[in-house]
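Counting starts at 1 for both ligands and their atoms, following the listed order.
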Amino acid sequence: ELLSQEAGVAPDQEPEEAVRTVVETGGLKIVPALGEAPNGRKKTSILGGIDARSAICVPLPARKRTLGALTLARTGSGETYGADDLALAEDLAGRLALAIDRARLHREVEERADAARVVAHVADGVLLVDRGGVVRLWNPAAEAITSIAPADVLGNSAVEVIPGWTDAVGTIPISTSPDPGHAEVVIPFETDGGERWISISGVNFYGGTVYAFRDLTEVHQLEALKADFIATASHELRTPLAAVYGAAQTLLRHDFALDEGGRDRFVSLIADESERLGRIVNEILLANQLDAGRLDLGREPFDSVEVVERVVEATRAFAPAEISFKISAGEELPLVAADRDKVRQVLVNLVENAIKYSPDGGKIEVGVEAHDGAVRFCVRDEGLGIPEGEEKRIFEKFFRLDPQMSRGVGGTGLGLYICNELVTRMGGRIWVEANGKKGSTFVFELPAAEPALTPQFGPESVELHGFVPPVRRAPHR
Ligand code: ADP
């Protein structure tokens with residue numbers, strides 16, 4: 001409603017009946033009617049709240065619709081609207097309607113473009129299935145997750161073009177409004193690139209159902225690995241615990257006497273097994289610290305050969321008789337610029353794995369050589385080897401090639417994850433290669449200390465929150 005307002009006077013918020021009729025019918029209203037004499041005292045009821053004596057109300061026409069009405073009113077008595085005023089009002093109304101209509105159209109187009117942009121760029125897959133079961137929308141994320149191109153699904157029946165849709169659709173929770181916290185299901189989905197796990201839910205509306213889905217494959221895999229981890233870690237913890245408990249019980253018995261040698265055997269068994277327990281717990285703690293980014297690494301130049309020799313010495317003492325060791329060291333080796341204790345830990349882990357995964361014995365070779373300004377360590381075994389395609393995954397957290405322990409070899413799946421994290425954080429890299437004949441070769445490289453810089457390196461503090469560096473470890477039985 002357009003109005004030349006007198007100070008302090010405004011029309012009612014709700015339009016009068018007469019104005020509403022103009023909007024609804026598209027006809028106009030003029031008070032008093034053309035040619036009728038003004039009634040000096042009578043007010044029109046056309047603009048409630050305004051003391052109008054005469055008024056003219058014309059519809060705002062736009063594309064066969066009426067957007068509203070334009071009302072002009074005069075409060076002075078004796079003045080009425082005539083045919084000229086009507087023509088002017090209609091002309092004004094036409095222009096106004098055009099402007100309002102354009103503005104609205106513009107806004108609608110903008111909103112639609114925004115909506116389309118959101119659907120195109122959102123990371124979740126969005127799928128619209130109309131009431132007839134036909135796919136009407138398939139956004140780029142849906143394509144990325146499922147590897148199905150829009151051209152293959154759009155306009156087709158969902159049941160025919162989306163694999164497993166018939167089974168899935170019954171299990172997907174559908175709500176009638178996009179409320180927060182509504183249920184989702186996680187279902188497997190076969191794609192050309194292998195099985196993906198997606199979390200999906202739907203919202204019904206008059207035009208069909210909108211489904212939104214996310215790719216949870218990695219989370220799902222991690223969950224599965226975690227479940228395996230809990231099974232193997234509890235097994236790993238239970239075995240030494242049982243041994244410690246059994247030995248302690250035996251020592252406590254009074255009904256049969258143990259000689260000195262017997263007592264010593266049980267006491268050292270308790271010591272060894274407790275240490276093994278401590279190692280497992282430390283491994284879990286360290287992995288946790290690495291995840292949380294809470295680990296400071298020192299960087300002092302040290303002699304790599306000395307570390308290699310010590311590690312081999314320490315592990316050799318506990319290795320089964322069928323395992324033999326060889327150390328090879330290159331000529332003119334530069335010092336390594338890294339955290340000595342962590343390098344030792346990585347080496348211990350690799351050598352122990354080499355022993356663990358060589359159930360039939362064999363030779364373990366630990367080597368160190370200079371390589372392109374770096375120092376390269378390698379641990380070569382003749383054991384079970386790593387199947388092709390798994391070379392990367394074995395460095396993932398909790399990943400074990402044989403979670404069922406079919407060969408009786410247990411572990412937490414954290415060792416190589418920790419090695420990889422430590423080596424990477426010390427500015428190096430680690431990988432595994434096939435060992436020419438049989439078994440595998442684990443290699444890692446660390447930066448060499450520049451000779452000129454060497455004197456400037458002070459022994460930096462190696463601060464480890466709550467982590468006690470492991471001492472020695474009984475070979476896995
Ligand atoms: P775990 O505690 O299981 O030994 P790791 O992270 O040290 O965990 O190793 C991950 C997996 O990689 C092991 O479960 C094993 O399947 C495989 N693996 C590691 N080292 C070797 C090796 N030297 N030979 C064969 N397989 C190995």
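- Not a single N or O atom of Asp402, backbone or side chain, sits closer than 3.5 Å to an N or O atom of ligand 1.
- Between Thr412 and ligand 1, an N or O atom pair is found at a separation short of 3.5 Å.
- Looking at Leu422 and Leu290, their side chains come closer than 4.5 Å, going by heavy atoms from C-beta outward.
- Salt bridge present: Arg316 and Glu313 bring a charged side-chain N and a carboxylate O closer than 4.0 Å.
- Proximity to Ile386 (heavy-atom distance under 4.0 Å) selects the following atoms of ligand 1: 18 (N), 25 (C), 26 (N), 27 (C).
- Heavy-atom distances between Glu283 and ligand 1 stay at or above 4.0 Å for every pair.
- In this structure, the side chains of Val423 and Phe377 stay at 4.5 Å or more apart for every pair of heavy atoms.
- Note on residues 420-430: pairs passing salt bridge (charged side-chain N to carboxylate O under 4.0 Å, His left out), not counting sequence neighbours, are Glu421-Arg425, Arg429-Glu445.
- If you number the atoms of ligand 1 from 1 as listed, the ones under 4.0 Å from a heavy atom of Leu401 come out as 14 (O), 16 (O), 17 (C).
- Of all atoms in ligand 1, numbered sequentially from 1 with element shown, those under 4.0 Å from a heavy atom of Ile394 are 10 (C), 12 (O).
- When side chains are defined from C-beta on, Phe189 does not count as touching Ile145, because their heavy atoms never get closer than 4.5 Å.
- When Glu352, Glu236, Glu273 are each tested for a salt bridge (charged side-chain N to carboxylate O under 4.0 Å, His left out) with Arg279, only one passes: Glu352.
- Contact between Gly383 and ligand 1 is absent, with no heavy atom of the residue lying under 4.0 Å from the ligand.
- Checking side-chain atoms of Asp372 against main-chain N and O of Ala374 turns up no donor-acceptor pair under 3.5 Å.
- Here is the list of ligand 1 atoms found below 4.0 Å of a heavy atom in Leu414: 6 (O), 8 (O).
- The Gly413 neighbourhood of ligand 1 comprises atoms 1 (P), 2 (O), 3 (O), 6 (O), 8 (O), with distances under 4.0 Å to a heavy atom of that residue.
- Per-residue contacts place Gly415 under 4.0 angstrom from the following atoms of ligand 1 (heavy atoms of the residue considered): 5 (P), 6 (O), 7 (O).
- Ion pairing between Glu14 and Arg20 holds under the 4.0 Å rule for side-chain N and carboxylate O.
- Within the structure, the closest approach of Phe395 to ligand 1 does not fall below 4.0 Å when heavy atoms are considered.
- Residue-to-ligand polar distances keep Leu384 apart from ligand 1: every N/O pair is separated by 3.5 Å or more.
- A salt bridge links Arg117 with Asp114: the closest approach of a Lys/Arg side-chain nitrogen to an acidic carboxylate oxygen falls below 4.0 angstrom.
- Remark: ligand 1 atoms within the under-4.0 Å shell around heavy atoms of Ser440 are 22 (C), 23 (N), 24 (N).
- Shown here is Glu195, whose CD atom has more than 12 heavy atoms of other residues, nucleotides or ligands within 6.0 Å.
- Between Leu416 and ligand 1, a contact under 3.5 Å exists for at least one N or O pair.
- Taking distance alone, with nitrogen or oxygen atoms compared against 3.5 Å, Phe399 stays at or beyond that limit from ligand 1.
- In this structure, Lys326 contributes its side chain and Glu365 its backbone to no donor-acceptor pair below 3.5 Å.
- Residue nearest to atom 18 (N) of ligand 1, selected from Tyr357, Phe229, Phe398: Tyr357 (by heavy-atom distance).
- Below 4.0 Å from some heavy atom of Phe442 lie the following atoms of ligand 1, by number and element: 20 (N), 21 (C), 22 (C), 23 (N).
- Of the N or O atoms in Asn349, none lie within a sub-3.5 Å distance of an N or O in ligand 1.
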